[in-house]
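Sharing a structure, written as structure tokens. Questions coming.
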Amino acid sequence: MVGGGQLARMTHEAGIPLGIRFKLLSDTPQDSAAQVVSDVVVGDFRDLDTLRAFAQGCDVITFDHEHVPIEHLRALEADGIPVRPGPDALVHAQDKGVMRARLSAIGAPCPRHRVVADPADVERFATTEGDGFPVVLKTVRGGYDGKGVWVVHSAAEAAEPFRAGVPVLAEEKVDFVRELAANVVRSPHGQAVAYPVVESIQVDGVCDTVIAPAPDLPDDLSVRAQRLALTIAKELGVVGHLAVELFEVRDAAGNPQILVNELAMRPHNSGHWTQDGAITSQFANHVRAVLDLPLGDPRPRERWTVMTNVLGGDYPDMYAAYLHCMARDPGLKIHMYGKDVKPGRKVGHVTTYGEVLDEVRERARHAADYLRGTITE
Ligand code: ADP
């Protein structure tokens, strides 16, 4: 697996019961996954020679992020190494301009959008193609957790996104009711499974809480979202886990509709709830798909599952925090990533499940806040 973050750590964990030998290409020996994987190569995934040397002896390559240059992936494929998801699919998760063009071509509902050249072009987009300002600007590559996304209210405010020298995508600012995610897994021979559609609650551009299934989501919209994600996976030739981030909106008649925000082709934060809350987790199904094994049952185990991220903050003594959280809530599941604590950085998550949503949410909220150190009882 390329990339040593928490997604690789949890994918490795899911492969252990299957006895899968797992080799990791990690930026540093301290990365989250490098701390727990025995076969680690430390090196730069942007360097083709490093990738080639790493790939020696691997049956298949997969990823914990989407940043490996596409031409390097093509070179690995030319060397005879299966790359899953392959470069033709992965480019859509790497470049938001390519993603929007392809999704529009297959009829997937998207916000109005166009790649823009400069602030004057943003103004043209706002006045002739959108609903005026504000407009959302995104660098087509390199963004994550809201970095690389700007909401601008005038052409004068639009200079910043162009400074990175990366193409910029303009989108109408969607007046969404909430954010959803439709997660599916597809294998090379075309088997696919769909997880229940979830609600994803963001705070300051970072995912805070995921509720599975999304409360009060009409059945027909849920099925439409799952079908859309399965269609995207098939049309783009995705292998492994695909997260389709969605906006739930209301049309002019007040009926609920969905628009695609973006795609991730790897295990995704909106699927972490599946570790404790589904019969087969996103990580286990990603491993199965990448190895072209039959996929596991994606159905939930409980009525409600809530996942809340633990962000970097003022950490209390972790042992004392565990003592309190575990004693207070024996049903709580804690997943910490072994990462250095930086303010706002995702350093772990907690999962709770049960029959009464408000209680399940409160338990996850409490544990995440207590572990972060923002509450003391
Ligand atoms: P990232 O790649 O950093 O996750 P996203 O494209 O998912 O970036 O955008 C981050 C957040 O910004 C989204 O979760 C959403 O809250 C908001 N956002 C993105 N695009 C739009 C849009 N067109 N209209 C309104 N809000 C948006």
Side-chain angles (χ1 to χ4, degrees), residues 3 5-7 63-67 90-104 108-116 122 125-126 129-153 157-158 160-161 164 166-183 197-211 214 225 228-229 232 241-251 256-272 307-309 311 344-346 349:
Q6 65 265 24
L7 301 178
F63 313 93
D64 125 309
H65 59 68
E66 43 263 327
H67 306 310
L90 203 61
V91 67
H92 301 93
Q94 207 170 77
D95 187 309
K96 291 177 181 173
V98 175
M99 178 267 291
R100 282 277 177 252
R102 182 87 174 105
L103 290 185
S104 302
C110 290
R112 278 171 285 170
H113 61 275
R114 178 162 68 77
V115 173
V116 282
V122 176
F125 172 82
E129 293 157 63
D131 293 324
F133 286 101
V135 164
V136 177
L137 297 179
K138 303 177 175 184
T139 49
V140 295
R141 285 188 297 276
Y144 67 94
D145 283 352
K147 296 176 185 67
V149 177
W150 292 262
V151 179
V152 300
H153 298 83
E157 278 182 22
E160 171 74 20
V166 176
V168 174
L169 180 74
E171 291 182 356
E172 67 172 304
K173 185 168 185 299
V174 177
D175 184 18
F176 55 81
V177 179
R178 58 178 168 172
E179 294 187 63
L180 305 172
N183 290 332
V197 176
V198 296
E199 177 173 351
S200 164
I201 299 161
Q202 323 283 317
V203 176
D204 299 330
V206 179
C207 174
D208 176 80
T209 290
V210 170
I211 305 173
L228 177 64
I232 292 170
H241 188 266
L242 169 71
V244 181
E245 296 180 18
L246 299 164
F247 297 128
E248 182 181 334
V249 293
R250 297 281 177 269
D251 64 16
Q257 305 289 350
I258 44 174
L259 298 174
V260 178
N261 176 25
E262 67 166 346
L263 309 178
M265 293 178 198
R266 50 173 170 74
H268 188 252
N269 204 169
S270 64
H272 287 1
M307 187 276 340
T308 296
N309 281 321
L311 299 184
R345 187 182 197 197
K346 291 174 189 167
H349 66 267

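Atoms within a ligand are numbered from 1 in the order they appear, just like the ligands themselves.
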Discussion item. So, using side chain to side chain donor-acceptor pair (under 3.5 Å) as the criterion, who are the partners of Thr308 when residues are at least two apart?
Written reply: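 Only Thr209 meet the side chain to side chain donor-acceptor pair (under 3.5 Å) criterion with Thr308.
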Worksheet item: Any chance the side chains of His268 and Glu245 put a donor and an acceptor closer than 3.5 Å?
Response: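 His268 vs Glu245: donor-acceptor pair found between side chains.
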Worksheet entry | Salt bridge flag under 4.0 Å for residues Arg100 and Glu171 |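 Counted as a salt bridge, because a side-chain N and a carboxylate O are separated by less than 4.0 Å.
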Item to complete: Select all protein residues for which some heavy-atom-to-ligand 1 distance is less than 4.0 Å, and list them by chain and number.
Response: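 Protein residues near ligand 1 are Lys96, Val136, Lys138, Gly143, Tyr144, Asp145, Gly146, Lys147, Val149, Glu171, Glu172, Lys173, Val174, Phe176, Glu179, Glu245, Phe247, Asn261, Glu262.
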Worksheet item: Are the side chain of His241 and the backbone of Arg266 linked by a donor-acceptor contact shorter than 3.5 Å?
Response: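 Checked: pair present.
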Fill in: Straight-line distance of Arg141 CZ to His67 NE2, nearest 0.5 Å
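If we round to the nearest 0.5 Å, Arg141:CZ and His67:NE2 are 11.5 Å apart.
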Worksheet entry | Flag if over 12 foreign heavy atoms under 6.0 Å of CG, Asp251 |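 Atom CG in Asp251 is crowded, with more than 12 foreign heavy atoms closer than 6.0 Å.
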